[in-house]
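Notes to accompany the following structure.
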There are 2 protein chains.
Amino acid sequence: MDLNFDPPASKTTAEQIAAQLRIAILNGKLLGGEQLRQDKLAKAFQVSRIPLREALSHLQAEGLIEIIPNRGAVVTHLSLQEVEEIYAMRQALEPLALERAIPHMTAEDFRDAEIILEQIDNEDNFARWGELNWAFHESIYRPSGMRILLKTVEGLHNNVVRYLQVTPLGNQGYLAKSQEQHRQLLDLCRRKEIHDACVLLENHLTGPVEFLRKQQTDL
Amino acid sequence: MDLNFDPPASKTTAEQIAAQLRIAILNGKLLGGEQLRQDKLAKAFQVSRIPLREALSHLQAEGLIEIIPNRGAVVTHLSLQEVEEIYAMRQALEPLALERAIPHMTAEDFRDAEIILEQIDNEDNFARWGELNWAFHESIYRPSGMRILLKTVEGLHNNVVRYLQVTPLGNQGYLAKSQEQHRQLLDLCRRKEIHDACVLLENHLTGPVEFLRKQQTDL
DNA sequence: ATTGACAAGATTGTATACAATTATAAAATA
DNA sequence: TATTTTATAATTGTATACAATCTTGTCAAT
């Protein structure tokens, strides 16, 4: 029997384009405020504007772009206040997922998480850091079985991750601290110390906000 | 100067159709599992399939329908477990909004909320209850200024509200209790008793889940 | 010099038409 | 009879073409 819930292999053109644009935005190749002209993008991807429009529609739903009727699409541009809002939401939601995930974690889950942490250590391409960082977080939330929550938090993560990648040199220290916390977190999960794990996680999620505040970037 | 941030008056056809379909789903006119054929809907709304497809795309993003490539759209159908998951998320997010809203509440905010509560008392059309219920909740969260959080929670509310409207007769008692809690909540907000207000709100959000569990409806 | 009106160009929104995929039901085989 | 095959119809995905809307630059009026 086929129990695969994931989207079918034959993805539609719109989804493929959405995926590529999403990566471009997340990696900062498309900057906030940048205009997205349907005609040019359609030619760039060598498709008509119809599937492209659907792709833009998806990205709007994820909050990555904004579509203004008759005036086109613009890459979203978050204020520091909005970034703080998203982190406040993540602090509320992610401990909830972790709390419910810990009782169901298996040896395989821990191994998967460890592998991702090693990949983060060895990765020198900063554009991939966000992807791997989310992969780790998701790996420790997934045993909760809360698919709706995970989808929501993934969207939140995607909306803020690009602001952490703007200064590859400056965040060397932040990165090391983040990895240290990841490992502590995993240890607490192994010991089933749910409360401490959640507190640490909440703390872990304050780091980026402080990091951004210090940079004084008016975003 | 125009400081209006809301979507412009001239809505696109796709948005109008999405709005109508959304109401139909929220009110239970389109039941879970129901197939949505593009051709028939396009004829019903007297438009081509292009704007209709965009409308469906929006609804999918909100979680109200699911689009399977080459196989069409189906109205989403939540399990009791998924409803519980959504309420767990709301319990995490809404007190956060309330906590930050209370310090900024003005006399006008309280008056608006009161008016909505009276409307709920006088409303005998159950289809509108969900709408008004959300209007109340939003009115007490809005002073927080957390637009992203509000948008997220509105989406969560929309996904579960139809399950509370299935048995108009049975929930007479639930409705009265809900209104009582709304008024207590508003009182606590007036007194700036933030902690108690948040606790009450969290409690208020457990009611529907218990109500649904008792009904034994396998949804 | 500044403001407002207006036309040309650019850009988005939608309808029609066609291609690709999937669902169905009848026919063929075991 | 049960199961596979195959052909037909139904449905979705996409390209092209056209209509509606917005932007931009020019020019007249105050």
Side-chain angles (χ1 to χ4, degrees), chain A residues 1-2 4-22 24-25 30-62 64-77, chain B residues 1-22 24-25 30-31 33-62 64-77:
Chain A
M1 192 184 350
D2 182 15
N4 181 14
F5 269 63
D6 292 346
S10 82
K11 282 179 185 171
T12 190
T13 312
E15 289 178 62
Q16 292 176 3
I17 293 174
Q20 294 194 51
L21 285 175
R22 189 180 299 115
I25 295 173
L30 290 175
L31 296 176
E34 193 155 337
Q35 279 265 346
L36 301 176
R37 296 267 123 98
Q38 298 179 0
D39 217 2
K40 291 185 180 177
L41 287 176
K43 277 178 189 163
F45 287 109
Q46 303 203 342
V47 295
S48 91
R49 275 173 38 227
I50 304 283
L52 184 96
R53 285 172 61 82
E54 297 210 350
L56 293 180
S57 199
H58 288 181
L59 296 177
Q60 178 181 39
E62 296 170 27
L64 295 178
I65 70 173
E66 187 179 7
I67 299 176
I68 304 160
N70 295 317
R71 290 177 56 179
V74 182
V75 177
T76 309
H77 159 91
Chain B
M1 192 181 355
D2 181 18
L3 288 175
N4 181 15
F5 270 65
D6 292 344
S10 81
K11 283 178 185 171
T12 190
T13 312
E15 289 178 63
Q16 291 176 1
I17 293 174
Q20 294 194 51
L21 285 175
R22 189 181 299 115
I25 295 174
L30 288 174
L31 297 175
E34 194 156 336
Q35 279 265 345
L36 301 176
R37 298 294 182 203
Q38 298 180 359
D39 217 2
K40 291 185 179 175
L41 287 175
K43 278 177 188 164
F45 287 110
Q46 303 202 343
V47 295
S48 89
R49 276 173 36 226
I50 304 283
L52 185 96
R53 285 171 62 82
E54 298 211 349
L56 293 180
S57 199
H58 288 179
L59 296 176
Q60 178 182 39
E62 297 170 26
L64 295 178
I65 69 173
E66 186 180 7
I67 299 176
I68 305 159
N70 295 317
R71 288 177 57 177
V74 181
V75 178
T76 309
H77 158 93

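Sequence lines set the chain letters: A, B, ... in the order given, protein chains first and strands last, and positions in each chain run from 1. These numbers come from a predicted model, not from an experiment. Just so you know, these numbers use all the heavy atoms, side chains as well, and skip hydrogens, waters and symmetry mates.
Between B:Thr13 and C:dA15 there is no side-chain polar atom (N or O) within less than 4.0 angstrom of OP1 or OP2. Taking only side-chain nitrogens and oxygens, B:Thr12 comes nearer than 4.0 Å to OP1 or OP2 of C:dT14. Within the structure, a side-chain polar atom (N or O) of A:Gln38 is placed less than 4.0 Å from OP1 or OP2 of C:dG13.
We find that NZ of A:Lys43 is positioned 11 Å from P of C:dA10, with the value rounded to whole Å. In this structure, B:Leu56 atom CG and D:dT11 atom C1' are separated by 13 Å, rounded to whole Å. Atom pair A:Glu54:CD and C:dT12:P shows a separation of 16 Å (rounding to whole Å applied). Following rounding to the nearest Å, B:Ile68 (CD1) and D:dT12 (C1') show an atom-to-atom distance of 13 Å. Following rounding to the nearest Å, B:Glu15 (CD) and C:dT12 (P) show an atom-to-atom distance of 16 Å. Here D:dT14 presents its C1' atom at 16 Å from CG of B:Asp39, a figure rounded to the nearest Å. For A:Ile67 and D:dC22, the CD1 to P distance is 16 Å, given to the nearest whole Å. Nucleotide D:dT21 holds its C1' atom 5 Å from the CG atom of A:Asn70, rounded to whole Å.
The salt bridge (charged side-chain N to carboxylate O under 4.0 Å, His left out) pairs that include a residue from residues 33-53 of chain A are A:Arg53-B:Glu54, where partners are two or more places apart or lie in different chains.
Nearer the 5' end of DNA chain D, as judged by each residue's closest nucleotide, is the contact made by B:Lys40, out of B:Lys40 and A:Arg49. Comparing A:Arg71 and A:Ile50 against DNA chain C, the residue whose closest nucleotide sits nearer the 5' end is A:Arg71. When the nearest nucleotides of DNA chain C are assigned to B:Arg37 and B:Pro51 by heavy-atom distance, the more 5′-ward of the two goes with B:Pro51.
At the heavy-atom level, A:Leu52 lies nowhere under 4.0 Å from the strands shown. Residue contacts for B:Arg53: at a heavy-atom cut-off of 4.0 Å it reaches a base atom on one of the strands shown.
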>> Under the criterion side chain to side chain contact (heavy atoms under 4.5 Å, CB included), I'd like the reasoning laid out for B:Thr13 against B:Phe45: C-alpha separation, chi angles, the key distance, then a yes or no.
In response: CA-CA 10 Å; B:Thr13 312; B:Phe45 287 110; over 6 Å; no
> What's the verdict on side chain to side chain contact (heavy atoms under 4.5 Å, CB included) for A:Leu31 and A:Val75, showing C-alpha distance, side-chain angles and the deciding distance?
Replying inline: CA-CA 7 Å; A:Leu31 296 176; A:Val75 177; over 6 Å; no
> Going through the distances and angles, do B:His77 and B:Glu66 end up as a side chain to side chain contact (heavy atoms under 4.5 Å, CB included)?
Replying inline: CA-CA 9 Å; B:His77 158 93; B:Glu66 186 180 7; over 6 Å; no
Set out, line by line, the N/O atom pairs under 3.5 Å between protein and nucleotides 5-9 of chain D.
none

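Using a 4.5 Å cut-off on side-chain heavy atoms (C-beta onward), B:Leu56 and B:Leu21 make contact.
Within the model, atoms CD1 of A:Ile65 and CD of A:Gln35 stand 11.0 Å from one another, a figure rounded to the nearest 0.5 Å.
Surrounding CZ of A:Arg22 are more than 12 heavy atoms belonging to other residues, nucleotides or ligands, all under 6.0 Å away.
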